[in-house]
S.K.: 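This is the structure I want to talk about, given as C-alpha cells.
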Amino acid sequence: APDLSGPLNLGLVTNADYRLMIESITDCAIIFLDPGGIVLSWNGGARRLKGYEAHEAIGRHLSIFCPPELLEKNRPQHQLEVAAASGQFEEEGWRLRKDGTRFWSSVVITRLTGPDGRLRGFSQITRDLSDRQKQDDLLRASEERFRLMVDGVKDYAIFMLDPSGYIVSWNTGAKATKGYEAHEIIGRHFSLFYPPEVAATGFPAKELRVAREVGRYEDEGWRVRKDGSRFWASV
C-alpha cells in the first residue's frame, strides 16, 4: 500500500478524485460542455442552483439556462464564441432555474483544449449572486428615494458640486431660488452665483478650501439669480 503519511503525491490523485471533488462542491454550479454547448457533466452545485437532476440536464444545450431576452440576442452562442477565441468569457446577469424563476449570477466559461491544441469543450462555473443583487437593489431604491426627497424640497436650494466647484445636481428649490433650469446650470461653476466684485476676490475658492479642510463652510451674503437680481442668502 502507498505511504500517505508524508506530503501528498499528486500522482495518486485520479480522475475519480477530481470528479468527487467537483461533485462535492455545492456553492457553485460546475458543468462541462462540448464544443457546441451541450452539457456533458453536472455537479451537486448545479443541481442545487439550477434545479435539474443530472439526467434532466446532461445532453441539453446551455441555452436552457438563459432567459428569453438573451436567447433573442443569441447570447449563448456569443458566449461560446468569445470563450473559444479568447480563452474565457465572463459576465453577470439573469439565469433561469428549472422552475422558471430567475437568479442573478456570475458566469465564467473557460475554453478547454487537448494536448494537440484542439478545442475539447468548455467549463462553465456559475455562482448565485442574488443576495448581493438584492442589497444593490435596496441601495439603489434608497438612493432614489433620497434623490426624490431632495428634488421635492422647494424652500431651499440643494445642489452638489464636484471637488472643483462645478455643479453636478440641481433640485426644485435651486430652480425656484436662483432661476436656472437644471440643463442651464449643471456643469457650470458655482462662482456664477456671486456678485462679480465678490467672485473677483477668489472668495468662492476660499469657501471650497475651508469646507474641504474642516468639513463645512457657513456664510451669509449677497448672491445673484439668473436674471441678475440679488438676494441675501444663508449658505
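Quick caveat: nothing in here was measured; it's all calculated off a predicted structure. All residue numbers refer to positions in the sequence shown, counting from 1.
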S.K.: Is there a side-chain contact between Val82 and Ile109 in this structure, where contact means two heavy atoms from C-beta onward sitting under 4.5 Å apart?
M.R.: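 No; the side chains remain at least 4.5 Å from each other.
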S.K.: Looking only at non-hydrogen atoms, find the nearest pair between Gln79 and Phe89 and report the distance.
M.R.: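 The pair with the smallest heavy-atom distance is CG-CE2, 3.3 Å.
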S.K.: For Phe122, check ring pair (Phe, Tyr, Trp, His ring centres under 6.0 Å) against everything at least two apart and list the hits.
M.R.: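 With sequence neighbours excluded, Phe122 shows a ring pair (Phe, Tyr, Trp, His ring centres under 6.0 Å) to no residue whatsoever.
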S.K.: Only counting residues at least two apart or in another chain, list the ones meeting ring pair (Phe, Tyr, Trp, His ring centres under 6.0 Å) with Phe190.
M.R.: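 Residues passing ring pair (Phe, Tyr, Trp, His ring centres under 6.0 Å) with Phe190: Tyr194.
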S.K.: Which heavy atom in Leu80 sits nearest to a heavy atom in Leu33, and how many Å separate them?
M.R.: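 Between these two residues, the closest heavy atoms are CD2-CD1, 4.2 Å.
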S.K.: Test of understanding: clusters of I, L, V, M, F, W, Y form through side-chain heavy atoms closer than 4.5 Å, transitively. Do Ile31 and Ile58 belong to the same one?
M.R.: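 Hydrophobic grouping puts Ile31 with Ile58.
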S.K.: Is Ile125 reachable from Tyr52 through a run of I, L, V, M, F, W or Y residues, each pair having side-chain heavy atoms under 4.5 Å apart?
M.R.: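 Shared cluster, no.
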S.K.: Can a donor-acceptor pair be found, under 3.5 Å and without considering hydrogens, that links the side chain of Thr177 to the backbone of Gly173?
M.R.: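 Here the side-chain-to-backbone pair exists.
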S.K.: Taking atom CD of Glu181 and atom CH2 of Trp170, what is their separation to the nearest 0.5 Å?
M.R.: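 If we round to the nearest 0.5 Å, Glu181:CD and Trp170:CH2 are 10.5 Å apart.
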S.K.: What are the two closest non-hydrogen atoms of Glu184 and Gly179, and how far apart are they?
M.R.: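 In terms of heavy atoms, the two residues are closest at OE1-O, 4.3 Å.
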S.K.: Sequence neighbours excluded, which residues qualify as side chain to side chain contact (heavy atoms under 4.5 Å, CB included) partners of Ala205?
M.R.: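 Per chain and number, Ala205 pairs via side chain to side chain contact (heavy atoms under 4.5 Å, CB included) with no residue.
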S.K.: To check you understand the geometry: which heavy-atom pair defines the closest contact between Pro196 and Arg230, and what is its length?
M.R.: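 Smallest heavy-atom distance, with atoms named: CD-NH2, 4.1 Å.
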S.K.: What's the shortest heavy-atom distance between Arg223 and Ala233, and which atoms?
M.R.: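 Looks like CG-CB, 3.7 Å.
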S.K.: Is the backbone N or O of Gly93 less than 3.5 Å from a side-chain atom of Ser105, with the two atoms forming a donor-acceptor pair by type?
M.R.: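 A pair under 3.5 Å: yes.
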S.K.: Looking at Arg48 and Asp128, is any side-chain nitrogen of the basic one under 4.0 Å from a carboxylate oxygen of the acidic one?
M.R.: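 Judged by the 4.0 Å cut-off on N to carboxylate O distance, Asp128 and Arg48 do not form a salt bridge.
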S.K.: Within this structure, what is the CZ-NZ distance for the pair Phe231 and Lys178, rounded to the nearest 0.5 Å?
M.R.: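 Atom-to-atom, Phe231:CZ and Lys178:NZ are 4.0 Å apart.
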S.K.: Tabulate below the donor-acceptor pairs under 3.5 Å that side-chain atoms of residues 60-70 make, not counting sequence neighbours, or state none.
M.R.:
from	atom 1	to	atom 2	distance (Å)
His61	ND1	Ser63	N	3.1
His61	ND1	Ser63	OG	3.1
His61	NE2	Gly36	O	3.0
Glu69	OE1	Arg102	NH2	3.1
Glu69	OE2	Arg102	NH1	2.7

S.K.: Supply the atom-to-atom distance Trp94 CH2 to Trp104 CH2, rounded to the nearest 0.5 angstrom.
M.R.: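 CH2 of Trp104 is found 6.5 Å from CH2 of Trp94.
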S.K.: Are Tyr166 and Val168 grouped together when hydrophobic residues (ILVMFWY) are joined by side-chain heavy atoms under 4.5 angstrom apart?
M.R.: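 As far as the 4.5 Å side-chain criterion goes, Val168 and Tyr166 are not connected within one cluster.
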S.K.: Please find the pair of heavy atoms, one from Ser169 and one from Met160, that lie closest to each other, and give the distance.
M.R.: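 Answer, listing the atom of Ser169 first, then Met160: OG-N, 2.9 Å.
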S.K.: In this structure, are over 12 heavy atoms from other groups packed under 6.0 Å from Tyr156 atom OH?
M.R.: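 No, because the 6.0 Å sphere around OH of Tyr156 holds 12 heavy atoms or fewer from other groups.
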S.K.: Can you list everything that forms a side chain to side chain donor-acceptor pair (under 3.5 Å) with Ser191? Sequence neighbours excluded, please.
M.R.: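 Once residues adjacent in sequence are excluded, the partners of Ser191 under the side chain to side chain donor-acceptor pair (under 3.5 Å) criterion are His189.
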S.K.: Between the main-chain N or O of Arg97 and the side-chain N or O of Thr101, is there a donor-acceptor pair closer than 3.5 Å?
M.R.: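 It does not hold such a pair.
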S.K.: Do Tyr180 and Phe159 have ring centroids that are under 6.0 Å from one another?
M.R.: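 No, too far apart.
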S.K.: Output yes when a side-chain donor or acceptor of Ser106 lies under 3.5 Å from a complementary backbone atom of Arg127, and no otherwise.
M.R.: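 Not confirmed, Ser106 side chain does not pair with Arg127 backbone.
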S.K.: Got a donor-acceptor contact below 3.5 angstrom from the Arg95 side chain to the Lys50 backbone?
M.R.: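 Checking the backbone N and O of Lys50 against the side chain of Arg95, no donor-acceptor pair under 3.5 Å is found.
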S.K.: Taking only residues two or more places apart in sequence or in another chain, which ones pass side chain to side chain contact (heavy atoms under 4.5 Å, CB included) with Thr110?
M.R.: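 Side chain to side chain contact (heavy atoms under 4.5 Å, CB included) list for Thr110, sorted by chain: Gln88, Val108, Ser123.
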